[in-house]
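Encoded as structure tokens, the structure appears first; notes follow it.
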Amino acid sequence: QVQLVESGGGLVQAGGSLRLSCAASGRTFSNYAMGWFRQAPGKEREFVAAINWSGSTTDYADSVKGRFTISRANARNMVYLQMNSLKPEDTAVYYCAGAYSAFLVRSRDGFGYWGQGTQVTVSS
């Protein structure tokens, strides 16, 4: 049974930073791409970032490019999202997601495993 557990969310002022972590278990972590999505109140869940199986390739939504960095530590079954220069519009529940494939994907359909989410609130 695949499990993804996020941590690191919280309340931060605009311009601040947070680092989200996701601990994975239940399958061979290094065989699969991983991603982060977010969902703000009243909005659809949207893609934020993804990383391939080895960590050599990443992809970002335009809204976070240059401010967020996704990374992974395969030896520890962990994936991270470093968020800098946070804006109030980044406020959302952030979800860690495990892909079906080893390669980059940004569509929700490409991810079959989801964490419970962690709240990020950015105050102005």
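Counting begins at 1 with the first residue of the sequence.
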Closest heavy-atom contact between [X] and [Y]?
| X | Y | answer |
| --- | --- | --- |
| Ala97 | Phe111 | CB-CD2, 3.5 Å |
| Pro88 | Ser124 | CG-CB, 3.8 Å |
| Ser17 | Asn84 | OG-OD1, 2.9 Å |

Give me each pair satisfying salt bridge (charged side-chain N to carboxylate O under 4.0 Å, His left out) with a member in residues 31-41, each pair once, sequence neighbours excluded.
Arg38-Glu46, Arg38-Asp90

Linking Ile, Leu, Val, Met, Phe, Trp and Tyr through side-chain heavy atoms less than 4.5 Å apart, which residues share a cluster with Tyr80?
Met78

Check which hydrophobic residues are tied to Leu18 through side-chain heavy-atom contacts below 4.5 Å, counting indirect links as well, and list them.
Val2, Leu4, Val12, Leu20, Phe29, Met34, Trp36, Val48, Ile51, Tyr60, Val64, Phe68, Ile70, Val79, Leu81, Met83, Leu86, Tyr94, Tyr113, Val120, Val122

Rounded to the nearest 0.5 angstrom, the CG-OG distance for Asn31 and Ser101 is 10.5 Å

Taken to the nearest 0.5 Å, the spacing of Arg108 CZ from Tyr95 OH works out to 9.5 Å

Assess whether atom NZ of Lys43 is packed by more than 12 heavy atoms of other residues, nucleotides or ligands within 6.0 Å.
no

Count the heavy atoms belonging to other residues, nucleotides or ligands that lie under 6.0 Å from CZ of Arg27, then report whether that count exceeds 12.
yes

Taking [Y]'s backbone N and O only, do any of them form a donor-acceptor pair with [X]'s side chain (distance below 3.5 Å, no angle check)?
| X | Y | value |
| --- | --- | --- |
| Glu6 | Gly117 | yes |
| Asn52 | Thr57 | yes |
| Gln82 | Thr69 | no |

Residues two or more places apart in sequence or in another chain: which of them pass ring pair (Phe, Tyr, Trp, His ring centres under 6.0 Å) with Trp114?
Phe37

Taken in chain and number order and not counting sequence neighbours, the residues that satisfy side chain to side chain contact (heavy atoms under 4.5 Å, CB included) with Thr121 are Leu11, Thr91, Gln119

Using the side chain to side chain contact (heavy atoms under 4.5 Å, CB included) criterion, which residues pair with Gln3? Sequence neighbours excluded.
Ser25

